[in-house]
2 protein chains.
Amino acid sequence: MGDIAVLANVSKPTVSRALRDSPLVTAETKALVLEIARKHGYAVNRNAQKLRDKRTNTIAVVADFKSFPGSRLADPFSFELLADVAQALSLRSQDLLLCAPAEESHETYQTLLASRHADGIIFLGQGQRDPMLRQLAKTDAAFVVWGAVAQDQPYCAVGGANVRGGELVGARFAESKRRRAVFIGGSDEHLEMKQRRLGFEKALLAKQPSASVGHIVVSNFSYESALAAMVAYLDGKNKNEYPDAIFAASDTIAMAVYKALRDRGLSVPKDVSVIGYNDNPHAAWCSPSLTTIRQDTRQAGSLLVEQLMMMLEGRKPQSIMIPAELIVRES
Amino acid sequence: MGDIAVLANVSKPTVSRALRDSPLVTAETKALVLEIARKHGYAVNRNAQKLRDKRTNTIAVVADFKSFPGSRLADPFSFELLADVAQALSLRSQDLLLCAPAEESHETYQTLLASRHADGIIFLGQGQRDPMLRQLAKTDAAFVVWGAVAQDQPYCAVGGANVRGGELVGARFAESKRRRAVFIGGSDEHLEMKQRRLGFEKALLAKQPSASVGHIVVSNFSYESALAAMVAYLDGKNKNEYPDAIFAASDTIAMAVYKALRDRGLSVPKDVSVIGYNDNPHAAWCSPSLTTIRQDTRQAGSLLVEQLMMMLEGRKPQSIMIPAELIVRES
DNA sequence: TTGAAAGCGCTAACAC
DNA sequence: GTGTTAGCGCTTTCAA
């Protein structure tokens, strides 16, 4: 910047002001400075800016890429969410620092902020880290979480209407008079799972009190793990005890359910009705196309960013739920 | 840091040295400083570090999230690649600045580097931006590209063996005596597409000279676009002219092909054999499961990072191709 | 409207 | 081993 100042025959502050389009600078001076800067490929040093200002205009986004080490891609849902968060941040001229989750201690994240690496954090997925997040909430760390919205939560979350989503599924199975329903998904420790399962049971039993509702717990959200769990479950049953309705906690799990049913010669939806969650792109492509619950990631992304920005302005944003919508297809 | 220095009764440089575990500091002093820093939640300011050093230890990653505005997720392949790049960067303690592609001018990216925002750039996808990249290569910008590796390329690329991939597909169709083959994918302007198509034609015609090879051009890589193109193609043919072998440039496109064939009552692989590209997770899950070409994104991610690091050390890394592997399934 | 001075937090170079 | 000094590049006082 010094060089540019010399070349333009002005002082450093004037160059700075010109580049930031300050009204304090003559149009001519401004034009001159801009021209020279452009010609010399000069760009303001962001690190110096960040050092001087308190704000870094950078948001750290923590995304779980793999459902477990060595596995393939996690559910595409997280990626659509990441993409939409990226877009929302870009609209607000915030940089996105992408973090693969490290050792999950709240201190790691406090350090991230303390070192002025980022102004705030967006966690894409609450998963098992609720306890850590509660710790982090005791500090003045600015962060927002995609996950279940709960009553006693000391931090700001943006999440789907999981109970409602489960209810929609339960109601639909009740309508088609299904009597042996099963929920396949994570354990109740995973709050989102618990909410979906409870909404599901409640709505189904309300209209169909004689129905049974099983619960198959998967150890992680991978296709393989879900397939193993589903196969094991069916292996333990007689044909006449087989479920006639399966609610899968994700579309990926639903694909594993399809596979297990196909291998046993069961037809969807005649023998078994299946409903998934998230409305992944491939839910619409497979055959029979999958009925599922859609959550608008675009809206989710905007809200996550919005709430975090609010927090950075010193306000105290509320947790928000986004709607769950049943997308009826062939399954 | 000043505060910590005062509390520890030492000078700032000593604190700095202690925190960086310099051998110049007594073990006791080090322990004392560390203890005090920990107690006060102190973390070294990264922006000050970046300002002072020349290196920022940050790599910008440019990823095309959406195949086109408003669409759903782009092909999951890019995301697996992103995840693996993230991991490779993390192993080298490099921060990942995630960039949604802006106005595609080489100046944008020069500015990114000039402002010391990042040390280098990884472009995940060469797409239509080869001309821009050639411009950028004329500067001293450090960058690496995932995409086609070509002869006259003035920049470092890491990419799949696309010609080889095409050959594998062509050879397989020849083995099963298919005679009316079609390639459905991007136009030849997209270099990766061209390479796959040429390898395909060559290998198929070498063993099966009487075969015909059609080319369906999709305007983008979305499912919808591919489905429309496929349907239009079939609409223009008589039943006896229908292809008996289709090579789809991505698994997403292959899913659209499946759909178009199903809707016409054609069976895979009896009537038509289909092969995709990328080995997306759902390629294995659909029915019939999809034969496809796998490219190891893990290796790709490592290589991209490795080559870029080499460049940042002042060396001149070579472009590299990673192998293409045929994964035979039911289709 | 512009400039001079000061300081953001850090570390390399040079004393001691 | 430790401290002093200086400067990375920027922008916000404050003074002119």
Side-chain angles (χ1 to χ4, degrees), chain A residues 1-38 40-58 93 95 110-119 312, chain B residues 1-38 40-58 93 95 110-119 312:
Chain A
M1 180 175 271
D3 302 347
I4 305 296
V6 172
L7 288 167
N9 244 316
V10 293
S11 67
K12 278 193 295 174
T14 301
V15 174
S16 173
R17 287 190 271 253
L19 292 172
R20 326 187 91 231
D21 202 26
S22 151
L24 292 171
V25 185
T26 330
E28 315 163 48
T29 323
K30 209 177 277 184
L32 176 65
V33 170
L34 255 55
E35 172 55 19
I36 295 180
R38 201 194 50 70
H40 290 255
Y42 169 79
V44 175
N45 186 312
R46 303 285 241 115
N47 302 124
Q49 279 182 321
K50 290 180 183 179
L51 174 57
R52 197 170 192 291
D53 302 359
K54 280 302 176 194
R55 284 287 283 269
T56 67
N57 292 313
T58 301
S93 313
D95 295 331
Q110 279 181 261
T111 302
L112 186 72
L113 298 177
S115 64
R116 314 289 28 249
H117 208 132
D119 298 328
L312 291 175
Chain B
M1 179 174 273
D3 302 347
I4 305 297
V6 171
L7 287 167
N9 245 315
V10 293
S11 67
K12 279 194 293 174
T14 300
V15 174
S16 173
R17 287 189 272 252
L19 292 172
R20 325 185 92 231
D21 202 25
S22 152
L24 292 172
V25 184
T26 330
E28 315 164 47
T29 324
K30 210 176 278 183
L32 177 63
V33 170
L34 255 55
E35 173 55 19
I36 295 181
R38 202 195 49 70
H40 290 255
Y42 169 80
V44 175
N45 185 313
R46 302 287 242 117
N47 303 124
Q49 279 182 321
K50 290 180 182 179
L51 174 58
R52 197 169 193 293
D53 303 359
K54 279 303 174 190
R55 284 287 283 269
T56 67
N57 292 312
T58 301
S93 314
D95 295 333
Q110 279 182 260
T111 302
L112 185 72
L113 297 178
S115 64
R116 314 290 26 249
H117 207 131
D119 297 328
L312 291 175

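Heavy-atom basis, side chains included; hydrogens, waters and symmetry copies ignored. Here is the naming used below: chain letters follow the sequence lines, and residue numbers restart at 1 for every chain.
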### Query
Does OP1 or OP2 of D/dC10 have a side-chain N or O of A/R55 closer than 4.0 Å?
no

### N or O in side chain of B/T29 less than 4.0 angstrom from D/dG1 OP1/OP2
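It does not, given that no N or O in the side chain of B/T29 lies less than 4.0 Å from OP1 or OP2 of D/dG1.
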
Length of the line joining [X]:[atom1] and [N]:[atom2], which is rounded to integer Å:
X     : N     : atom1 : atom2 : result
B/K50 : C/dC8 : NZ    : C1'   : 16 Å
A/D3  : D/dC8 : CG    : P     : 11 Å
B/L51 : D/dA6 : CG    : P     : 18 Å

### Query
Could you state the interatomic distance from CG (A/D95) to OG1 (A/T58), rounded to the nearest 0.5 Å?
4.5 Å

### Query
CE of B/M1 to NZ of B/K12: how many Å apart, nearest 0.5 Å?
8.5 Å

### Query
Does B/N57 offer a backbone N or O that forms a donor-acceptor pair with the side chain of B/K50 under 3.5 Å?
no

### Flag, side chain of A/R116 to backbone of B/R46, donor-acceptor distance under 3.5 Å
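Here the side-chain-to-backbone pair does not exist.
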
Tabulated below should be each protein N or O lying under 3.5 Å from an N or O of nucleotides 14-16 of chain D; please produce it.
none

### Task
Just compare C/dA5, D/dG9, C/dC8 and give me whichever is closest to any side-chain atom of A/P13.
C/dA5

### Task
Select base, sugar-phosphate, or nothing to describe what B/K12 touches, counting heavy atoms under 4.0 Å on all strands.
base

### Message
Which is more 5' along DNA chain D, the nucleotide nearest B/K54 or the one nearest B/V10? Just name the residue.
### Response
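First, find each residue's nearest nucleotide; the 5'-ward one identifies B/V10.
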
### Query
Taking N and O atoms by type only, does the side chain of B/R52 place a donor or acceptor under 3.5 Å from a partner on the base of C/dC10?
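It does, because a donor-acceptor pair links the side chain of B/R52 to the base of C/dC10 below 3.5 Å.
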
